[in-house]
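Comments concern the structure below.
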Amino acid sequence: VQLVASGGALVQPGGSLRLSCLASGFPYSPVYISWVRQAPGEGLRWLAGIYTDGTKIYYTNSVKGRFTTSTENAGNTVYLQLNNLKSDDTALYYCAATRGMVVNLGSQFLPKSTFEYWGQGTQVTVSS
């Protein structure tokens, strides 16, 4: 199994970024890919999720309307478009995988064991 997140960068408030997650080698299909972030001193917050066939897209309430997730390349690549970024969005962003859906609308912290597979994180820093 391979999950590789990329695309993080330093961006000014109000700016945009697109994160990518390369997903391959799973023993099942479709795979549910979640985007999760960890801000300094905080736990893991679920942001959004999508099946690699492009279905069942959900967002936590705090990012709805600003973040968009999508798939490409028959689900091998999953994107998270981040718009209108704020300083509070500064965090290490991960893509994580499960067979079933993970949906957390209220942004509560989740244990790492919620997810079966993890990619390495990609840093997003929002600062002027």
Side-chain angles (χ1 to χ4, degrees):
V1 170
Q2 195 170 32
L3 276 174
V4 181
S6 63
L10 171 64
V11 63
Q12 292 188 341
S16 296
L17 278 177
R18 189 175 77 163
L19 307 183
S20 300
C21 176
L22 298 181
S24 63
F26 287 89
Y28 47 77
S29 179
V31 180
Y32 198 75
I33 301 295
S34 291
W35 289 97
V36 180
R37 73 184 180 192
Q38 186 168 28
E42 294 191 356
L44 296 167
R45 293 187 192 274
W46 182 89
L47 302 174
I50 183 171
Y51 271 116
T52 48
D53 63 2
T55 62
K56 301 296 184 185
I57 301 173
Y58 293 95
Y59 301 95
T60 196
N61 291 334
S62 64
V63 305
K64 203 173 293 183
R66 293 195 302 128
F67 293 3
T68 303
T69 189
S70 59
T71 65
E72 195 175 85
N73 296 328
N76 288 333
T77 306
V78 179
Y79 298 107
L80 184 67
Q81 178 70 37
L82 315 175
N83 293 330
N84 190 22
L85 283 162
K86 307 173 183 179
S87 58
D88 288 350
D89 294 317
T90 294
L92 195 56
Y93 284 69
Y94 298 91
C95 55
T98 48
R99 183 192 289 266
M101 292 193 301
V102 175
V103 179
N104 186 353
L105 302 181
S107 294
Q108 294 94 341
F109 294 147
L110 294 180
K112 192 171 183 179
S113 58
T114 303
F115 306 94
E116 297 172 64
Y117 301 98
W118 284 86
Q120 91 293 357
T122 186
Q123 179 67 40
V124 173
T125 301
V126 184
S127 175
S128 55

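Keep in mind it's a predicted model, so treat the numbers as computed, not measured.
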Apply side-chain contact (heavy atoms from CB on, under 4.5 Å) to residues Phe109 and Arg45 and explain how you reach the verdict. CA-CA 5 Å; Phe109 294 147; Arg45 293 187 192 274; 3.3 Å; yes
Count I, L, V, M, F, W, Y as connected when their side-chain heavy atoms are under 4.5 Å apart, and connections chain through other members. Are Tyr94 and Met101 then in the same cluster? yes
State the CG-OG1 distance between Leu80 and Thr68, to the nearest 0.5 angstrom. 8.0 Å
Can you name the side-chain hydrogen bond (donor to acceptor under 3.5 Å, both in side chains) partners of Glu116, sequence neighbours left out? Tyr28
Grab the two heavy atoms, one from Lys64 and one from Tyr59, that are nearest each other, plus how far apart they are. CE-O, 3.8 Å
Val31 to Ala97 - nearest heavy-atom pair and separation: CG1-CB, 3.6 Å
Testing the basics here: between Leu47 and Val63, what is the closest heavy-atom pair and its distance to 0.1 Å? O-CG2, 3.6 Å
Sidechain-backbone polar pair: Thr90 side chain, Val126 backbone, donor-acceptor under 3.5 Å: yes
Does a sphere of radius 6.0 Å around NZ in Lys112 hold more than 12 heavy atoms from other residues, nucleotides or ligands, not counting ones at 6.0 Å or beyond? no
For residues 32-40, run the donor-acceptor check on the side chains, cut-off 3.5 Å, and write out each pair with its distance to 0.1 Å, sequence neighbours left out.
unit_1: Tyr32; atom_1: OH; unit_2: Gly49; atom_2: O; d: 3.3
unit_1: Tyr32; atom_1: OH; unit_2: Lys56; atom_2: O; d: 3.1
unit_1: Ser34; atom_1: OG; unit_2: Trp46; atom_2: NE1; d: 2.9
unit_1: Trp35; atom_1: NE1; unit_2: Thr69; atom_2: OG1; d: 3.4
unit_1: Arg37; atom_1: NH1; unit_2: Asp89; atom_2: OD1; d: 2.9
unit_1: Arg37; atom_1: NH1; unit_2: Tyr93; atom_2: OH; d: 2.8
unit_1: Gln38; atom_1: NE2; unit_2: Glu42; atom_2: O; d: 2.9

Going from CD on Gln123 to CG on Leu19, what distance comes out if it is rounded to the nearest 0.5 angstrom? 10.5 Å
Taking every heavy atom of Leu105 against every heavy atom of Thr60, the minimum-distance pair comes out as O-OG1, 2.9 Å
Going only through I, L, V, M, F, W and Y residues with side-chain contacts under 4.5 Å, is there a path from Tyr58 to Leu44? yes
Heavy-atom nearest pair, Ala23 first then Leu3, reads CB-CD2, 3.7 Å
How far does CG of Leu10 sit from OG of Ser127, to the nearest 0.5 angstrom? 6.0 Å
Atom OG of Ser70 and atom CD1 of Ile57: how far apart are they, to the nearest 0.5 Å? 7.5 Å
Under 6.0 Å between ring centres, would you say that holds for Tyr117 and Phe26? yes
CG of Leu82 to CZ of Arg18: how many Å apart, nearest 0.5 Å? 11.0 Å
Thr55 OG1 to Ile50 CD1 distance, which is reported to the nearest 0.5 Å: 7.5 Å
When every non-hydrogen atom of Val1 is compared with those of Pro27, the smallest separation belongs to CG2-CD, 4.2 Å
